[in-house]
Visitor: 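After the structure tokens below, expect a handful of questions from me.
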Amino acid sequence: MLDWYDTHARAMPWRVGPADRRAGQRPDPYAVWLSEVMLQQTTVATVRDYFRRFIALWPTVDDLAAAEDADVMAAWAGLGYYARARNLLKCARVVSRDLEGRFPASLAGLLQLPGIGPYTAAALASIAFDLPETVVDGNVERVISRIFRVETPLPTAKPELTALAQRLTPAQRPGDYAQAIMDLGATICTPRNPACGICPWRAGCAAQAAGVQADLPRKVPKAVKPTRRGEVYVTRNASGDWLLETRPERGLLGGMLAFPTSDWSQDPAPAPPFEADWCSIGTVKHTFTHFHLLLEVHTADAGQKNPTRGTFIPDSRFRAADLPTLMRKAFDLAQATSDNAQASHKRPVNPVPEVP
DNA sequence: CAAACGTGGAA
DNA sequence: TTTCCAAGTTT
């Protein structure tokens, strides 16, 4: 695995490559931590730019700890699982205030911190501190279940896979090994069509020997997602300020900037932020982890009205990029609708020829 | 411990 | 179009 990693390691902004690592270079624990939290349930391709932006805005854990909550949530917007961003800040503040800006160099110490669970603690311990801890993420579950031909379905198989993975973790270069086995899972031992022909583990893989590699790991089927509905209210006042609110800490899109909405359920009760002749401009479709959402977008001119919730934010201080993706979709629809209205106002009669 | 918690790309 | 799934953690 380590030989394979020496020649096939993927380059990433937060990673110290195998050559530099063997020359004695160590990654910055802050950068490793930030990348690992971002990578939770999130692809490398998506994380890259977010990681670079965060490092540019907040180069050290002390910088991040001193940041405004709203700025960090805005920078996280679009990455999803927003509890990660809230815990990221909590963790940075603990490390900065209580630990002199240094991450604990032990599994147990890391596990105490907000947002750091078994995987992230092992990743930090091994990658940043070169401790012989074992990472078990989705990649490792797949690689191990195939090498040992574990037929037990996940998540039941998790403890078994963890024990097997621990047996393979070497005392030498545990950090590079952790990254190697995850790279292998991401590039060779993939969920569909694994590239067994070029796999360094081919000779020792029980699933490959039996020809069942594509069927592993087995998983319990997922529940079908229900569809919920809701309403969202996109409005500006006479000054052109946008009515926005910060969603409650707990729950969906917690802590994020958003337009006011009704509840989201099978039969939502309308909840406009003020009485007006609300106009429905269409429906936004969005899928969350556990349900589909059909969100009907309403607009109205707020004029001089005093809403029951939310705050008017001047257009100059509002960036659509600070919104979570669902709200961004609602914003884009409202923009397109108002653009169309303006265009048709300027050119009221401009019939598009019918194309048969 | 099951359920909650986002999003985008690939098949 | 729909499902699957990606370097999981918290409650």
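All chains are named by letter (A, B, ...) in the order of the sequence lines, taking the proteins before the strands, and each is independently numbered beginning at 1.
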Visitor: Does a side-chain N or O of A/His290 approach OP1 or OP2 of B/dA3 to a distance below 4.0 Å, or not?
Guide: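 False: A/His290 side-chain N/O out of range (4.0 Å or more) of B/dA3 OP1/OP2.
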Visitor: Under 4.0 Å between a Lys/Arg side-chain N and an Asp/Glu carboxylate O for A/Arg52 and A/Asp49?
Guide: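 Yes, A/Arg52 and A/Asp49 are salt-bridged.
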Visitor: Evaluate whether atom CG of A/Asp98 has more than 12 neighbouring non-hydrogen atoms of other residues, nucleotides or ligands under 6.0 angstrom away.
Guide: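 Yes, the 6.0 Å shell around CG holds more than 12 heavy atoms from other groups.
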Visitor: Starting from the 5' end of DNA chain B, give me the residue, A/Thr289 or A/Asn193, whose nearest nucleotide shows up first.
Guide: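 Going by which nucleotide is closer to the 5' end, it is A/Thr289.
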Visitor: Do the ring planes of A/Trp278 and A/Phe274 sit parallel (below 30°), tilted (30 to 60°) or perpendicular (above 60°)?
Guide: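 Correct class here is tilted.
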Visitor: So if I take residues 148-184 of chain A and measure heavy-atom distances to DNA chain C, which residues fall below 4.0 Å?
Guide: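 Of all residues in residues 148-184 of chain A, the ones placing a heavy atom under 4.0 Å from DNA chain C are A/Met182.
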Visitor: Cluster partners of A/Leu216, using ILVMFWY side-chain heavy atoms under 4.5 angstrom, listed by chain and number?
Guide: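 The other cluster members (ILVMFWY side chains, heavy atoms under 4.5 Å, direct or chained) are A/Val212.
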Visitor: Quick one: sort the A/Phe54 and A/Trp76 rings into parallel, tilted or perpendicular, breaks at 30° and 60°.
Guide: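 If you compare the ring of A/Phe54 with that of A/Trp76, the planes turn out perpendicular.
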Visitor: Mind checking whether A/Met327 and A/Thr261 have side chains closer than 4.5 Å, heavy atoms only?
Guide: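 Yes, at least one pair of side-chain atoms sits under 4.5 Å.
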Visitor: Classify A/Arg15 by what it touches in the nucleic acid, base, sugar-phosphate, or nothing, heavy-atom distance under 4.0 Å.
Guide: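 Touches a base.
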Visitor: Quick test of your reading of the model: are A/Asp322 and A/Arg317 salt-bridged, counting only N-O distances below 4.0 Å?
Guide: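 Here A/Asp322 does not pair with A/Arg317 in a salt bridge, since their nearest N and O are not under 4.0 Å apart.
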Visitor: Tell me the interatomic distance from A/Leu252, atom CG, to C/dT11, atom C1', rounded to whole angstroms.
Guide: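 Value for this atom pair: 15 Å.
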Visitor: Determine the Euclidean distance between corresponding P atoms of C/dA7 and B/dA4; express it in Å to zero decimal places.
Guide: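 Per the computed distance, 24 Å lies between those P atoms.
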Visitor: Please report the distance separating the P of C/dT11 from the corresponding atom of B/dG6, rounded so that it comes out in whole Å.
Guide: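 Result for the P pair: 13 Å, nearest Å.
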Visitor: Considering every strand and a 4.0 Å limit on heavy-atom distances, what is the contact class for A/Thr325: base, sugar-phosphate, or nothing?
Guide: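 Sugar-phosphate, no base atom in range.
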Visitor: Mind checking if A/Gly78 touches a base, just sugar-phosphate, or nothing, with heavy atoms under 4.0 Å?
Guide: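 Sugar-phosphate, backbone atoms only, no base.
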Visitor: In this structure, how many angstroms lie between the P atom of B/dG6 and the CG atom of A/Leu257, rounded?
Guide: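 Nearest whole value for this atom pair: 15 Å.
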Visitor: Closest-nucleotide mapping onto DNA chain C: is A/Arg250 or A/Gln41 further toward the 5' terminus? I mean the 5' end.
Guide: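 Whichever sits nearer the 5' end wins; that is A/Gln41.
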Visitor: Would you mind classifying the nucleic acid contact of A/Arg10 as base, sugar-phosphate or nothing, using non-hydrogen atoms under 4.0 angstrom?
Guide: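 Base, at least one base atom sits under 4.0 Å.
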Visitor: Taking the nucleotide of DNA chain C with the closest heavy atom to each, which residue, A/Lys285 or A/Ser35, is nearer the 5' end?
Guide: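 So the residue in question is A/Lys285.
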Visitor: Give a yes/no answer on whether the side chain of A/His286 brings an N or O atom under 4.0 Å of OP1 or OP2 in B/dG6.
Guide: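 For B/dG6, neither OP1 nor OP2 has a side-chain N or O of A/His286 closer than 4.0 Å.
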Visitor: To the nearest Å, how far apart are A/Leu216 CG and C/dC5 P?
Guide: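 Computing the A/Leu216:CG to C/dC5:P distance gives 13 Å.
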Visitor: Are A/Asp176 and A/Arg22 within salt-bridge range, i.e. N to O under 4.0 Å?
Guide: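 Looking at A/Asp176 and A/Arg22, the cut-off is not met.
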Visitor: Report yes or no: is the cationic atom of A/Arg173 (NZ for Lys, CZ for Arg) closer than 6.0 Å to the six-membered ring centre of A/Tyr177, at no more than 45° off its axis?
Guide: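 Because its charged atom misses either the 6.0 Å distance or the 45° angle limit, A/Arg173 does not stack over A/Tyr177.
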Visitor: Check A/Tyr30, A/Phe129, A/Trp33 against A/Phe103 for a ring pair (Phe, Tyr, Trp, His ring centres under 6.0 Å) and give me the one that passes.
Guide: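 For A/Phe103, the ring pair (Phe, Tyr, Trp, His ring centres under 6.0 Å) check succeeds only for A/Trp33.
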Visitor: Taking only side-chain N and O atoms of A/Tyr82, does any of them lie within less than 4.0 angstrom of OP1 or OP2 on B/dT7?
Guide: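 Result: yes.
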Visitor: Can you tell me the distance, in whole Å, between the CZ atom of A/Arg84 and the P atom of C/dT11?
Guide: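 Computing the A/Arg84:CZ to C/dT11:P distance gives 16 Å.
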Visitor: Regarding A/Met12, tell me which of base, sugar-phosphate or nothing describes its non-hydrogen contacts under 4.0 Å with the strands shown.
Guide: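 Base, at least one base heavy atom under 4.0 Å.
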Visitor: Give one of base, sugar-phosphate or nothing for A/Trp14, where a contact means two heavy atoms less than 4.0 Å apart.
Guide: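 Touches a base.
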Visitor: Please list residues of residues 108-135 of chain A whose heavy atoms come under 4.0 Å from any atom in DNA chain B, ordered by number; otherwise none.
Guide: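 Contacting residues: none.
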Visitor: How many Å lie between CG on A/Leu107 and P on C/dT9, as a whole number?
Guide: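 Answer to the nearest Å: 11 Å.
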Visitor: Rounded to the nearest Å, what distance is computed from the CG atom of residue A/Leu295 to the P atom of nucleotide B/dG6?
Guide: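 So the two atoms are 15 Å apart, to the nearest Å.
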Visitor: Quick check on DNA chain B: between A/Pro324 and A/Arg192, whose nearest nucleotide comes earlier from the 5' end?
Guide: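 So the residue in question is A/Pro324.
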Visitor: With a 4.0 Å cut-off on heavy atoms, is A/Gly254 in touch with a base, just the backbone sugar-phosphate, or nothing at all?
Guide: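 No contact.
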Visitor: Taking atom C1' of B/dC5 as reference, at what distance in whole Å does atom CZ of A/Arg247 sit?
Guide: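 Going from A/Arg247 (CZ) to B/dC5 (C1'), I get 12 Å.
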Visitor: How close or far is atom C1' of C/dG8 from atom CG of A/Leu79, stated in whole angstroms?
Guide: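 Atom CG in A/Leu79 sits about 14 Å away from atom C1' in C/dG8.
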Visitor: Are A/Glu296 and A/Arg229 close enough for a salt bridge, meaning some N to O gap below 4.0 Å?
Guide: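 A salt bridge is absent here (no side-chain N lies under 4.0 Å from a carboxylate O).
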Visitor: Measure from the side chain of A/Phe288, starting at C-beta and using heavy atoms only, and say which of C/dA6, B/dT7, C/dG8 lies closest.
Guide: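 From the listed options, B/dT7 comes nearest.
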